[in-house]
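For clarity, every value in this text was computed on a predicted model and none was experimentally measured. Numbering of ligands and ligand atoms starts at 1, following listing order. Heavy atoms only: backbone and side chains are in, while hydrogens, waters and symmetry mates are out.
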Amino acid sequence: MPSDEPFALIIFGASGDLTKRKLVPALWSLFQGRVLPEPFVILGVARSEMSDEDFRRRMREAVGEFARVQPPAAHVWERFASSLFYCPGDPADAALYDRLGARLRQLETDKGTGGNRLFYCSTPPSLYPAIVTRMGASGLQREGNGWTRVIIEKPFGRDVSSARELNRIVSRVFTEDQVYRIDHYLGKETVQNLLVFRFANGIFEPLWNRNHVNHVQITVAESLGVEGRGAYYEEAGALRDMIQNHILQLLCLVAMEPPVSFDADPVRDEKTKVLRAIRPIPPDGVDEVAVRGQYGPGFLEAHRVPGYRAEKGVAPDSRAETFAALKLFIDNWRWAGVPFYLRTGKRLPKRASEIAIQFWGTPHLLFRRPDPADRIDPNLLVVRIQPDEGIALTFGAKLPGPEINIRPVTMDFRYGASFGAEPPEAYERLLLDAIHGDATLYARSDWVDAAWQVLTPVLEAWGAGPAPKFPNYEAGTWGPAEADAFVERDGRRWHRP
Ligand code: BG6
């Protein structure tokens, strides 16, 4: 990575959770790893009254609690902290932006960062239009002595029309190549490795199609509940929170054609093509391809946990889904007829995200089985996104003994064992990419639009209609019984991570 790109990062929403849990710890890890370009300025903006010193103190605590690497010595932290600044102000208030501009110019002169500016919208999404419009009105978006880019946190809209409206507002102020729509799943090492696995190896790609793949399952299971984000989650639900972004991104990486090069537009072109090939869900057929659930009270690791409706900020008769499963088809040459089953949920028995590629069985059974129910499992490839990151291929092997008895065994690649190091945090990679102007791992506007279009019939059907019979699964279980029935109808089962 070139390290000669001084920059200023301006974080709107600097007193919020993301700044403390992810952004500043990631910047700190990059600094420690000597890959953060220098000099730099990190300027936090939020409504809370705070001095630079207060902000530095807060960030020191945050790094202590959340960073992957801890400060080895006080003077190293001091060097990092001397580039942290804070500017109090309401992002909705037009008067803030002149003040912010003046402060920024001063810091750029003092620190010698030139004019490279990366803005980060990490406020509640309702403020994004105001931030972008006001930046435009005050000329902060202009590229003078350097570049200007803006990172926009998810959620990008809450349906097709609000996403389009936000895109319209953003594109009045910024050109598309200045806009970085973040999806932190794309920064995960294991997710990036999916492309390497597919396109840097010769033996898998020839099998990666309808002739060899029976179906694909993508599971993003969380054992956590809504963790104090009840008010946000009430508006979002699992479909908007996880499927519209993270899970559809995973699906695109699994299903896309090889791009002509590993550059932002060729990669993003191929991903958008996947979404455009997804068979539209008929509005009157949503129940056949989608299942939703909401957890009630239950047990997790022997501890009693409350139901979703008892969480702070959640309505006692909430309709928000905390579990969603979908079956999608990609109507193209490669994937015709191969179902992609997607599911995600809160308060499932464990945190486990994985992609399971189920291959077809052999065309003919050479080894006769005494019991016809005793089937030979077809090959299964499981990409473990997190935790226990790795890739496992399961195949049949002969059980030692005089008879031919076949048992599934696994070839397992584990990141930890192979590379001996902890993978970096997703935000580290993504922040660095934005600083270097590489948007390959960011979502383009047409992708976001197409992702909302895929889900529109489900969002509409779930938003209207009678209230669902919630809660319909106990915390600590694998979701509602309908989710199992839904794949069993197709003669399949969910893979248990
Ligand atoms: C966020 C969602 O985008 O992703 C959260 O808003 C979810 O609800 C989180 O918990 C999961 O991220 P990770 O990296 O912990 O899998």
Side-chain angles (χ1 to χ4, degrees), residues 13 16-23 25-26 29 65-68 120-126 128 151-158 180-194 218-251 253 292-295 300 305 308 311-314 318 320-324 342-355 383-389 415 422-431 441-443 448 451 455 475 479 497:
D17 240 31
L18 192 75
T19 305
K20 151 175 118 176
R21 283 173 186 268
K22 298 288 181 189
L23 303 183
S29 301
E65 194 174 351
F66 300 111
R68 192 167 61 82
Y120 200 120
C121 297
S122 164
T123 58
S126 56
Y128 298 168
I151 300 181
I152 301 183
E153 252 307 325
K154 71 171 268 268
F156 198 94
R158 62 183 323 278
Y180 288 67
R181 295 171 195 78
I182 201 162
D183 184 313
H184 78 281
Y185 266 59
L186 294 178
K188 291 183 190 277
E189 280 292 321
T190 38
V191 174
Q192 294 170 55
N193 190 47
L194 252 178
I218 304 180
T219 296
V220 178
E222 296 186 278
S223 54
L224 292 178
V226 285
E227 302 300 294
R229 294 158 76 223
Y232 153 77
Y233 206 82
E234 281 287 272
E235 292 296 312
L239 205 58
R240 288 188 171 91
D241 186 47
M242 298 296 285
I243 295 192
Q244 187 272 339
N245 33 71
H246 309 324
I247 296 185
L248 286 183
Q249 286 285 1
L250 295 180
L251 174 127
L253 295 177
R292 58 181 155 163
Q294 187 191 77
Y295 63 85
L300 257 159
V305 293
Y308 174 69
E311 302 270 4
K312 194 165 148 257
V314 172
S318 168
E321 78 282 356
T322 59
F323 177 99
L342 320 178
R343 69 173 163 165
T344 185
K346 301 260 184 214
R347 287 284 190 229
L348 301 188
K350 54 156 101 163
R351 172 171 184 255
S353 300
E354 61 163 46
I355 298 166
V383 178
R384 294 188 304 271
I385 307 288
Q386 64 189 23
D388 189 20
E389 292 81 359
Y415 272 76
E422 230 189 297
E425 277 280 325
Y427 278 93
E428 294 176 34
R429 170 65 194 260
L430 295 174
L431 282 166
L441 301 178
Y442 283 86
V448 175
L455 299 183

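Checked options Pro424, Pro25, Pro423; the residue passing with Arg68 is Pro424 (criterion: side-chain contact (heavy atoms from CB on, under 4.5 Å)).
For Lys188, the closest heavy-atom approach to ligand 1 falls below 4.0 Å. For the pair Tyr185 and ligand 1, a heavy-atom separation below 4.0 Å is found.
Between Asp241 and Tyr232, some side-chain heavy-atom pair lies under the 4.5 Å cut-off. Here the side chains of Arg158 and Glu235 are in contact, with some heavy-atom distance below 4.5 Å.
The protein heavy-atom contact nearest to atom 12 (O) of ligand 1 is His184 NE2, 3.1 Å. Looking from atom 15 (O) of ligand 1 to the surrounding protein, the closest heavy atom is Arg351 NH2, 3.9 Å. With hydrogens left out, the protein atom closest to atom 11 (C) of ligand 1 is Glu222 OE2, 3.5 Å, a heavy atom.
Remark: ligand 1 atoms within the under-4.0 Å shell around heavy atoms of Lys154 are 1 (C), 2 (C), 3 (O), 6 (O). Taking a cut-off of under 4.0 Å to the non-hydrogen atoms of Gln386, the atoms of ligand 1 that pass are 13 (P), 16 (O). Within ligand 1, counting atoms from 1 as listed, the ones closer than 4.0 Å to a heavy atom of Asp241 are 2 (C), 5 (C), 6 (O), 8 (O).
Of the N and O atoms on the side chains of Glu234 and Ser318, at least one donor lies less than 3.5 Å from an acceptor on the other residue.
At least one N or O atom of Lys346 sits closer than 3.5 Å to an N or O atom of ligand 1.
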Which side-chain N or O atoms in residues 220-229 pair as donor and acceptor under 3.5 Å with protein atoms at least two apart or in another chain?
residue	atom	partner	partner atom	Å
Glu222	OE1	Lys346	NZ	2.9

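Scanning for ring pair (Phe, Tyr, Trp, His ring centres under 6.0 Å) contacts around Tyr128 gives an empty result, with sequence neighbours left out.
By the 30° and 60° cut-offs, the orientation of the rings of Tyr427 relative to His184 is parallel.
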